[in-house]
Each structure stands twice: as C-alpha cells, then as structure tokens.
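Excluded from the calculations below are hydrogen atoms, water molecules and symmetry mates; all remaining heavy atoms, backbone and side chain alike, are included.
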Amino acid sequence: MPAIPMLFSNKFNVLLLWKCLCLLVVLVGCNPPGEPVKCSTKDSNCTVTNSYGMFPDRAICRAGNVAYPTSEQELVSIVSAATKSKRKMKVVTHFSHSIPKLVCPDGQDGLLVSTKNLNRVLKTDTDAMTMTVESGVTLRQLINEAAKAGLALPYAPYWWGLTIGGLLGTGAHGSSLWGKGSSVHDYVVEMRIVSPAKAEDGYAKVWELNERDKDLDAAKVSLGVLGVISQVTFKLQPLLKRSITYVRKDDTDLGDEAVTFGKLHEFADIFWYPSQRKAIYRIDDRVPINVSGNGVYNFTPFRSTLSLVLALVRSSEETRESSGDAEGKCLNAKLVTSTLQSSAYGLTNNGAIFTGYPVIGFHNRLQSSGTCLDSLEDSLITACPWDPRIKGEFFHQTTFSIGLSVVKSFIQDVQKLVSMDPKSLCGLELYNGILMRYVKASTAYLGKQEDAVDFDITYYRSKDPMAPRLYQDVLEEIEQMALLKYNALPHWGKNRNLVFDGVMKRYKNGGEFLKVKNKYDPWGLFSSEWTDQVLGLRNGVIVLKEGCALEGLCICSQDVHCAPSKGYLCKPGKTFPDARVCARVNTKT
C-alpha cells in the first residue's frame, strides 16, 4: 500500500489528519466495545478474551458456560452449584480490561461468572461519607453517583471503563503520594465476597469483611482467587475542585524531579518522552470549592476514533517497523506528542474549548475519562482505538513500580541507553511516551510495598509473534533492568509473562495472602494454572520455546528464543549486562 507511507511521510498531512480526527471525535458517535465472552449456544461453549482481543501468550481461553447473576442471592446459588460439582470458576467483568489471563479457567468446561448485571449503587451515606456498590459497577458510575451526593473518590485510574471488582482485583490506581495514596483499594472499608464452602454450609459462603478484619488486606487485591466480590463500601471525601497545568521541560533533571514532584502536588504525574529528552509535568492540586471554573478532562487517546484513520495509522506503523524506518517513527512521534500538547491532552476550560492554563473544575469532571465507551452502535465506523474488531492499535504494555529511594538511578540508566541511540524509544512516544504515576505503600498483601513511581510503557506489538520490533533489545533491557536491578513490582492487570516470574518473593506478606486464599477457597476452584504460576504455586509462567523472548514469554538464553533468521540474537544488555536481550546484529538498529 504505497499510499500509506507517502501520506505519513508528510508533516502537514499527518497534522491535518490528526486535527480532522479530533474534530470528528466531537461530531460522530462511537461503536461500543464488543463483549469479552462469546458463546456458540446460549451461555454455553464459550470463549473469553480481554478488551484487546489477545492475551500475552495469544492463547484462546475456553469455558463451558457463563452465568450472569443479578443479585448476591443469585451469585450464592451459582457458586454453590459449581462448588458442589467441583467445577472451576473465573470472574469476568463487563469490559475485561486486564491484559494477563486472569479470566481464564482451566480446561474447557469451567464456569465464567460475569458481574455485568451486578451494577447497582446500593447505599450512599452522606454523613459517614461512604458508598456501597455492587462489584460490577463501573468506575464512571461510582464517580458520578458520588458527585451527585457531594462526595468524591479521591484518587482513581484515568480510564473509567473499569469495574469496581476488576480494579480492586488488580490493584488499579491513580497518581498521588498524599493521604492514603492513589490505590483505590486503600479506600475500601467493607467488602462482601462469595466463596466456595463445605456441604454443611451449603457449598457457598458470604464473607463480610471490614477494617477490623486482617483478611481485608488479602481481599483488597486478590487477583480474583478468593471468590466473587459481591459488594464493596468505600470511604469517600467531600467533592472538591482541582487546578491543572501542564508544563514542558527538558528531562535533564528528571531523576531529581521525579523524587520530589509527587510530594509537592497532590495529583502530580509526568509524561516522559525519552527520545525527545522532554518531560511534561502535571501540576495538579486542590483549590477552594468557590474558585471559578468548570473544566473537563476528556483525554484525547480515550475518545472515539474513525476506524479508517486507525487503520491508516496502524498500517503506517507496520510499514515503519518492517522497513526499519526509525527516523519515520520519530517524526510521527513528534507530531503526535506536539498535537496532544497543543490540545492540552483533552482538557477544556468549559467542556467545549481549551482557552489556557490553569484548567479548574470539579474533581469528578477531571479525574477519569473514556468517552469511546459511550455511544450507540454505528457499524464500526468509529471505535475505541484498541478495539480488536478493527485494524487499530495492537500493543504490549509493560508497567511496573520502582521505589522512590532508587527511582533516580533507574531514570538515569534509561537515559544512558537513550543516549547511545536517541531514536531507540521513539516508538513509545507514538503512544504518548512513558506515563509516570505516584503510588504509596499499602497495607494490602499484594499492594505496593513502598512509596514508588509507576512506569506505564505502551509499545508496538506485531500481529506476527515471530516478528521482532525495532529496538527490541532496548525495551527488553529496560524491562529486565527494572525487575532484576531495581526489584520492580508489576501492575497485576498489565504486563507480559516474564514480569511475573518469581514475583511473590517481593511481597513481604505474600505467604499471608496464600493462607487466606487457602482459607477462602481450599479446593482452588477460583484458581487456574495461570494464577498458580503467578503466585508461585507451580512453575510455568516462563515459556521456553522458539521466539519466546519476542513476546515476553521468556528472557532469552539461546538465539532460538529470539529471531536468528532475521538477525536477532540473544546478547547481553548494553548498560546492564545481566540482561539477556534479542539484539539485531550487524545493523544500525
């Protein structure tokens, strides 16, 4: 398709296309995401996937049936019947947004329990500032319903297409070192979980937990292996207003800035563009409720997009990759990031236009977004950018947190790698660079172990599992350096297999979590081969086979784990020799 690279080699055309896209986002609707569970007959003989249509190992996960309870009573009946027959179960959410195989039951006859219809707000207590919801309620619902009562969840993920059960199960978070920190689970004060039980207890039990129960520290981040979360009660705060300003700087002092910036601003985060040697600092703080402003944050990459435009952008990236055109990727990346900056990343001062910083508005209108979920069917003329039903974004995500005490050294190590070839991380900048968010140490057994910076890295994934990426070795070295040198902790809802290898050794209360797991589900009915591997109960999270390192299924130890036929061999890292990476030999990249 020669028209594709020609179109995207012209700066004016790219910028014009992007601007047209932004305009069309306002004018057209969006096709909502497809269902993660599909069955050949009604609720039977099913497959389940994530919202990206592909797990890290590209496996197809199957289940015998899916159930859609509408109440806790129905949920108890479903778990009871499955337990009686010793049937494997897995919880699946409305959008299934986690990347790893957390929703996959073992074999082909398991039962999927969907929380899609457990979607009610049950109680709001304005005096106690608490809200009780079912686990299938979305983050967007929680934010909006709390605001109606003059309340706010203080910190939250930036994407609102998550359910409460899903975001708790994976430890999802926003960005803050203030208060209890940015992890949503640290604002849970009560929880009800339905788990398997003995025959004399009716084969199912409802556990009622509150802050006095130590088991809550296991249940708050559980990977879904304790049972099905039925209800959750959150401690909220009075509705507040915020003031947001983005400031662009060179990244020369990013290591020092990263240590202190989160302590200076309550909702601080950083976009890092390492190949451009730039960083975008989000100065974001509370302001008095009577300060004028009605700003809205409708983050541009989370808006609906024309499928045709997505296909052109994907084709351009595939062409750059296959031809080794790093310079072209860098050019496109600069256009993407500069356009996002000039449009304030989707911020508007009044819900319609951006007139300048600061953008001041109510917390519920600024803290999270995802308007590509909103509209009615339009035959896939538009979609969320990553919708697998169209030719759109297809990517890996490597996301980990590194302690504040060593984060400066990690950033400097990445900068050393970039200085050896400044084009090496342009591919990340096509996805708006590295998002750096602040997270605080948590009491949750599988929560963060210390105050840290979370690095969220999104990058190109080929449809061909045997096709290496441009600068494959640099991203692998960063990933391994974070894990092996800086003892990084993974985001449970993202990442490729190798990030989870031996990870339970990094959690001081990992053993306590396993005790609670055995207490709530002694038969392991809510566990799977995958969760057992991640929790260190069996081997296998690392898969050694031809090309395994290309997809993050292993760290290479032999050339065959890379792509020797395409010139990619297993080599030591450039700055971190303990790393073993797939490096292209005898070429510039």
A.B. asks: Please determine, by modelled atom types, if Thr163 and His94 share a side-chain donor-acceptor pair under 3.5 angstrom.
C.D. replies: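 Absent: no donor and acceptor within the cut-off.
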
A.B. asks: Could you check whether Lys494 makes a cation-pi contact with Trp492, meaning its NZ or CZ is under 6.0 Å from the centre of the six-membered ring and within 45° of the ring axis?
C.D. replies: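 Because its charged atom misses either the 6.0 Å distance or the 45° angle limit, Lys494 does not stack over Trp492.
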
A.B. asks: Okay, side chain of Ser183, backbone of His185: is any donor-acceptor separation there less than 3.5 Å?
C.D. replies: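 No, the answer is negative, given that no donor and acceptor are paired below the 3.5 Å cut-off.
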
A.B. asks: Tell me, do Leu428 and Thr458 make a side-chain contact under 4.5 Å, heavy atoms counted?
C.D. replies: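 The answer is no; the side chains never approach within 4.5 Å.
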
A.B. asks: Pairing donors with acceptors under 3.5 angstrom, does anything connect the side chains of Asp521 and Ser195?
C.D. replies: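 There is no such pair between these side chains.
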
A.B. asks: Is the cationic atom of Lys205 (NZ for Lys, CZ for Arg) positioned less than 6.0 Å from the six-membered ring centroid of Tyr520 and within 45 degrees of its normal?
C.D. replies: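 Ring-cation test returns no.
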
A.B. asks: Does any non-hydrogen side-chain atom of Asp57 lie less than 4.5 Å from one of Val543?
C.D. replies: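 A side-chain contact is absent here, since even the closest heavy-atom pair is not under 4.5 Å.
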
A.B. asks: Under the 3.5 angstrom rule, does the side chain of Arg437 hit a backbone N or O of His173 as a donor-acceptor pair?
C.D. replies: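 Between the backbone of His173 and the side chain of Arg437 there is a qualifying donor-acceptor contact (under 3.5 Å).
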
A.B. asks: Tell me whether Ser96 contacts the main-chain N or O of Thr93 through its side chain, where contact means a donor paired with an acceptor under 3.5 Å.
C.D. replies: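 No: the side chain of Ser96 does not pair with the backbone of Thr93.
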
A.B. asks: Which residue, Asp109, Asp532, Asp106, forms the salt bridge (charged side-chain N to carboxylate O under 4.0 Å, His left out) with Lys88?
C.D. replies: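 Passing option: Asp106.
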
A.B. asks: Decide if atom NZ of Lys86 counts as having more than 12 heavy atoms of other residues, nucleotides or ligands within a radius under 6.0 Å.
C.D. replies: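 Yes - once you tally the heavy atoms of other residues, nucleotides and ligands closer than 6.0 Å, there are more than 12.
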
A.B. asks: What I'd like to find out is whether the side chain of Tyr345 reaches to under 4.5 Å of the side chain of Phe299, using heavy atoms alone.
C.D. replies: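 A side-chain contact under 4.5 Å exists here.
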
A.B. asks: With salt bridge (charged side-chain N to carboxylate O under 4.0 Å, His left out) as the criterion, how do Arg461 and Glu551 come out once you've worked through the C-alpha distance, each side chain's angles and the decisive distance to 0.1 Å?
C.D. replies: CA-CA 8 Å; Arg461 185 182 189 186; Glu551 292 269 270; 2.8 Å; yes

A.B. asks: Are Trp530 and Phe500 near enough that their ring centres are under 6.0 Å apart?
C.D. replies: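 When the ring centroids of Trp530 and Phe500 are compared, they turn out to be within the sub-6.0 Å range.
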
A.B. asks: Strictly below 4.0 Å, N to O, side chains only: are Arg320 and Glu317 in salt-bridge contact?
C.D. replies: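 Between Glu317 and Arg320 there is no salt bridge, as every charged N stays at least 4.0 Å from the carboxylate O atoms.
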
A.B. asks: Go through the side-chain N and O atoms of Thr399 and Asp456 and say whether any donor and acceptor fall under 3.5 Å apart.
C.D. replies: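 Distance-only check passes for Thr399 and Asp456.
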
A.B. asks: Any sub-3.5 Å donor-acceptor pair from Ser80's side-chain atoms to Gly202's backbone N or O?
C.D. replies: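 At least one qualifying donor-acceptor pair exists.
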
A.B. asks: Locate the shortest heavy-atom distance separating Pro385 from Pro301; write the atom from each residue and the value.
C.D. replies: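 Looking at all heavy atoms of both residues, the shortest contact is CG-O, 3.5 Å.
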
A.B. asks: Please check this pair: side chain of Arg303 against backbone of Asn298, looking for a donor-acceptor N/O pair closer than 3.5 Å.
C.D. replies: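 Judged by distance alone, yes, a pair lies under 3.5 Å.
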
A.B. asks: Does Asp378 offer a backbone N or O that forms a donor-acceptor pair with the side chain of Thr382 under 3.5 Å?
C.D. replies: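 Pair absent, no side-chain N/O of Thr382 close to backbone of Asp378.
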
A.B. asks: Considering only NZ, NE, NH1 and NH2 on the basic side and carboxylate oxygens on the acidic side, decide whether Arg192 and Glu72 come within less than 4.0 Å.
C.D. replies: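 The answer is yes: the pair qualifies as a salt bridge.
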
A.B. asks: Output yes when a side-chain donor or acceptor of Ser322 lies under 3.5 Å from a complementary backbone atom of Thr319, and no otherwise.
C.D. replies: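 Side chain of Ser322 to backbone of Thr319, a donor-acceptor pair under 3.5 Å: yes, one is there.
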
A.B. asks: If we ignore angles and hydrogens, is there a donor and acceptor under 3.5 Å between the side chains of Thr443 and Asp217?
C.D. replies: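 Yes, because at least one side-chain N or O of Thr443 sits under 3.5 Å from a partner of the opposite role on Asp217.
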
A.B. asks: Can you find a side-chain donor-acceptor pair between Thr132 and Thr233 that sits under 3.5 Å?
C.D. replies: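 Side chains of Thr132 and Thr233: pair found under 3.5 Å.
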
A.B. asks: Would you find more than 12 non-hydrogen atoms of other residues, nucleotides or ligands less than 6.0 Å from Glu74 atom CD?
C.D. replies: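 Atom CD in Glu74 is packed in, count exceeds 12.
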
A.B. asks: Evaluate salt bridge (charged side-chain N to carboxylate O under 4.0 Å, His left out) for Lys391 paired with Glu318, printing each intermediate quantity in order.
C.D. replies: CA-CA 11 Å; Lys391 183 175 183 177; Glu318 289 174 339; 3.3 Å; yes

A.B. asks: How about NZ on Lys84, more than 12 heavy atoms from neighbouring residues, nucleotides or ligands closer than 6.0 Å, or not?
C.D. replies: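 Check fails, neighbour count at 12 or below.
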
A.B. asks: Can any side-chain N or O of Thr531 pair as donor or acceptor with the backbone N or O of Ser527 at less than 3.5 Å?
C.D. replies: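 No.
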
A.B. asks: Using a 3.5 Å distance criterion without hydrogens, assess whether the side chain of Asn119 forms a donor-acceptor pair with backbone atoms of Gly136.
C.D. replies: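 No.
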
A.B. asks: Just by distance, do the side chain of Thr337 and the backbone of Ala333 share a donor-acceptor pair under 3.5 Å?
C.D. replies: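 Such a contact is found between Thr337 side chain and Ala333 backbone.
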
A.B. asks: Between Asp215 and Lys517, is the closest basic N to carboxylate O distance under 4.0 Å?
C.D. replies: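 Salt bridge absent between Lys517 and Asp215.
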
A.B. asks: Cation-pi check for Phe394 against Lys463: NZ or CZ below 6.0 Å from the six-membered ring centre and within 45 degrees of the axis, yes or no?
C.D. replies: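 The answer is yes, since Lys463 meets both limits relative to Phe394.
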
A.B. asks: Run the salt bridge (charged side-chain N to carboxylate O under 4.0 Å, His left out) check on Arg469 and Glu321 step by step: do they pass?
C.D. replies: CA-CA 7 Å; Arg469 296 181 307 279; Glu321 284 281 335; over 6 Å; no

A.B. asks: Hey, does Val336 have a side-chain heavy atom less than 4.5 Å from the side chain of Glu429?
C.D. replies: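 Glu429 does not reach Val336 side chain to side chain.
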
A.B. asks: Between Asn65 and Arg87, does any side-chain donor sit less than 3.5 Å from a side-chain acceptor?
C.D. replies: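 There is such a pair (donor and acceptor under 3.5 Å, judged by atom type) between the side chains of Asn65 and Arg87.
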
A.B. asks: Before you tell me yes or no, could you show the steps for Phe267 and Tyr155 under ring pair (Phe, Tyr, Trp, His ring centres under 6.0 Å), namely the whole-Å CA-CA distance, both residues' side-chain angles and the distance that decides it to 0.1 Å?
C.D. replies: CA-CA 8 Å; Phe267 304 98; Tyr155 313 104; 5.4 Å; yes

A.B. asks: Quick one: do Ser401 and Asp454 satisfy side-chain hydrogen bond (donor to acceptor under 3.5 Å, both in side chains)? Show the steps, please.
C.D. replies: CA-CA 4 Å; Ser401 59; Asp454 183 88; 4.9 Å; no

